[in-house]
Amino acid sequence: MESPGAATQPASLRAAAALLAGFLFVLPFSSSLTLRNSLLGLAAACLLYAAARGQLARPRLPPWRLLVPLLAYGAWCAASVAWSVNPAYSASELRPGLVYPFIAFLVFFAATADAKSVDNWAWSLSAGLAALGLAAVGQVVVSGWWDPERWHGDTGFYATHVVLALPMLAWAFLRAGAGRRVLQVALAGTALLTLVVTAWNDNRIAWVALAAMMILAFAISGDLLSGPRRYAALAFAAAALALFAALFAWSMQQRAERLEGTPYAEEARLSHDPRPALWDYAARRHGEAPWIGFGYGRGILDLQFRMGVTPGVDNPKHTHAHNTALNVLIQGGVVGLVLFSWMVFAVAREMAAGLSAGIPRRFVATLGLALLAGFAIRNMTDDFLVRHSSMLAWALAGAVLGALRPTSASTPE
């Protein structure tokens, strides 16, 4: 959906917006690596041209109080190649794990001048969710079951994408306005379809993340609603939370039935979840390189985790600590975790600063903090700060902060 006045934008900015919308649409699909990187690169070139012509909203880059921790963490990860237990692996992970997400962050910051720009990204992600949902339904109709690897990596990556994209769909729904009933119905249908497909996926933490995001968003900006609208929002939030709780319980049951009769049957029960053992093993391995870690890359101790968590058993699912903070600690040691925490705090601080602004900037800040919280919760039991999930998280962070940049003559309120 183009924002009013988009036609008056310079051609380079219109081209960048179209390319980035395409980037967000194809991002979650398997085998789209070359296409999405090409779209991102072309968009970056358009924005560089616009910057040279003085057409970008100012400031063109995030503030140094944000860039410094970002660059410091990136520099530490790059330096870890020198002492990595597998230098070739660490070096190979720098580009997809750090360089591309950082480029996505800067590009979306530059391309997002206000809340209307966020609308474009929300519509692109909503269309992507619809396409993913229809592909899943089509697969079930044809083959009788859904294989997320066919269209979207695996169940974990799909759930992570939903946690980040579904709030953007909600943003598009709320911003569509009362006069766009057809669009709102289409978005509501897409949301329902996405929830159904996510329910086929036995990923439990996704429902916890979605519930927490809704609670946080209402706690931050619920006071802006009054009268009947506030009561309607409360009723909707209560119904949604009840639905998420029911889906969480159902996913537990589905997981138990799916794993019954397999070597992993006990893992379906929360009391026998393997993650505490993974976290304990990660903590013990951290003691071998406490300050500087083993080197960059989520799978830096892949084989050791597979064989060490349960001695004598090679478990292909146990390739890392299944917690982003612990993985950062394993990779970069205490120094790496401190720099990572500084970086996350800097992003959260910039978003929180927008809560003191007026509408719609306060809503943008609320969206950003909800996305940050949801992604953090999602990564408490796994680590998806990799590949396309990382690119999407950083792209949305850049978009939110771009929309919240200090207003000036070239940046509309």
Side-chain angles (χ1 to χ4, degrees), residues 27 33-34 36-38 40-41 44 61-62 64 66-107 153 156-157 160 278-279 281-309 316-347 375-376 379 382-395 397-398:
L27 185 61
L33 177 63
T34 301
R36 67 180 183 239
N37 287 346
S38 298
L40 184 64
L61 292 173
W64 281 107
L66 179 56
L67 285 177
V68 168
L70 281 168
L71 294 172
Y73 176 69
W76 182 256
C77 293
S80 74
V81 175
W83 60 80
S84 172
V85 297
N86 189 343
Y89 170 75
S90 292
S92 70
E93 288 294 294
L94 289 175
R95 187 173 67 240
L98 285 176
V99 177
Y100 289 163
F102 186 60
I103 291 173
F105 174 74
L106 294 179
V107 166
F157 278 108
T160 305
L278 284 162
W279 299 336
Y281 182 77
R284 286 186 280 116
R285 291 307 303 267
H286 158 66
E288 299 174 18
W291 293 104
I292 61 175
F294 293 92
Y296 182 72
R298 187 180 72 167
I300 190 65
L301 297 181
D302 181 332
L303 183 59
Q304 292 91 327
F305 267 90
R306 287 176 55 175
M307 301 296 296
V309 175
K317 295 182 178 181
H318 296 170
T319 58
H320 57 90
H322 281 252
N323 177 280
T324 296
L326 278 176
N327 275 343
V328 170
L329 190 63
I330 288 288
Q331 296 170 60
V334 171
V335 175
L337 184 58
V338 168
L339 293 174
F340 179 81
S341 302
W342 182 23
M343 177 180 69
V344 173
F345 173 77
V347 171
F375 193 57
N379 284 288
D382 212 324
D383 183 4
F384 289 99
L385 197 62
V386 293
R387 301 300 188 272
H388 53 284
S389 292
S390 180
M391 291 186 72
L392 178 58
W394 280 111

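Since this is a predicted model, take the numbers as computed values, not measurements.
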inquiry  = Are Met391 and Asn37 packed together at the side-chain level, in the sense that at least one heavy-atom pair is separated by less than 4.5 angstrom?
reply    = yes
Report task. Test Asp383 against Thr324 for side-chain hydrogen bond (donor to acceptor under 3.5 Å, both in side chains), laying out the working first. Result -> CA-CA 5 Å; Asp383 183 4; Thr324 296; 3.0 Å; yes
CG of Leu70 to CH2 of Trp342, rounded to nearest 0.5 Å, is 9.5 Å
Practice item. Indicate yes or no: at least one non-hydrogen side-chain atom of His320 is less than 4.5 angstrom from one of Leu278. Key: no
With sequence neighbours left out, the residues meeting side chain to side chain contact (heavy atoms under 4.5 Å, CB included) with Trp64 are Leu67, Val68, Leu71
By side chain to side chain contact (heavy atoms under 4.5 Å, CB included), Val386 pairs with (sequence neighbours left out) Phe157, Arg298
Here the side chain to side chain donor-acceptor pair (under 3.5 Å) pairs for residues 73-85, sequence neighbours left out, are Ser84-Ser90
Side chain to side chain contact (heavy atoms under 4.5 Å, CB included) filter on Ala289, not counting sequence neighbours, yields Phe294
When rounded to the nearest 0.5 Å, the distance separating CD1 of Ile330 from CD of Glu288 is 8.5 Å
Sorted by chain and number, sequence neighbours left out, side chain to side chain contact (heavy atoms under 4.5 Å, CB included) with Ala321 holds for Ala282, Phe305, Leu326, Asn327
Tell me, with the steps shown, if Phe375 and Leu385 meet side chain to side chain contact (heavy atoms under 4.5 Å, CB included). CA-CA 9 Å; Phe375 193 57; Leu385 197 62; 3.5 Å; yes
| message | Using modelled atom types and a 3.5 Å cut-off, is there a donor and acceptor pairing between side-chain atoms of Tyr281 and backbone atoms of Gln304? | response | yes
*asked:* Using modelled atom types and a 3.5 Å cut-off, is there a donor and acceptor pairing between side-chain atoms of Tyr89 and backbone atoms of Gly299?
replied: yes
Residue pairs passing the salt bridge (Lys or Arg N to Asp or Glu O under 4.0 Å) test with at least one member in residues 331-347, sequence neighbours excluded, are none
### Task
Return the orientation label for the His318 and His322 ring planes: parallel under 30°, perpendicular over 60°, tilted otherwise.
perpendicular
(request) Check whether more than 12 heavy atoms from other residues, nucleotides or ligands sit under 6.0 Å from atom CZ of Arg95, and answer yes or no. (result) no
CG of Leu27 to CG of Leu33, rounded to nearest 0.5 Å, is 10.0 Å
Is a donor on one side and an acceptor on the other found under 3.5 Å between the side chain of Asn379 and the backbone of Phe384? yes
Distance col, row Asp302:CG vs Asn86:CG, nearest 0.5 angstrom, shows 10.0 Å
- Message: For a 4.5 angstrom cut-off between non-hydrogen side-chain atoms, does Val334 reach His286?
- Response: yes
Heavy-atom closest pair (Pro62 atom, Leu106 atom, distance to 0.1 Å) is CD-CD2, 3.9 Å
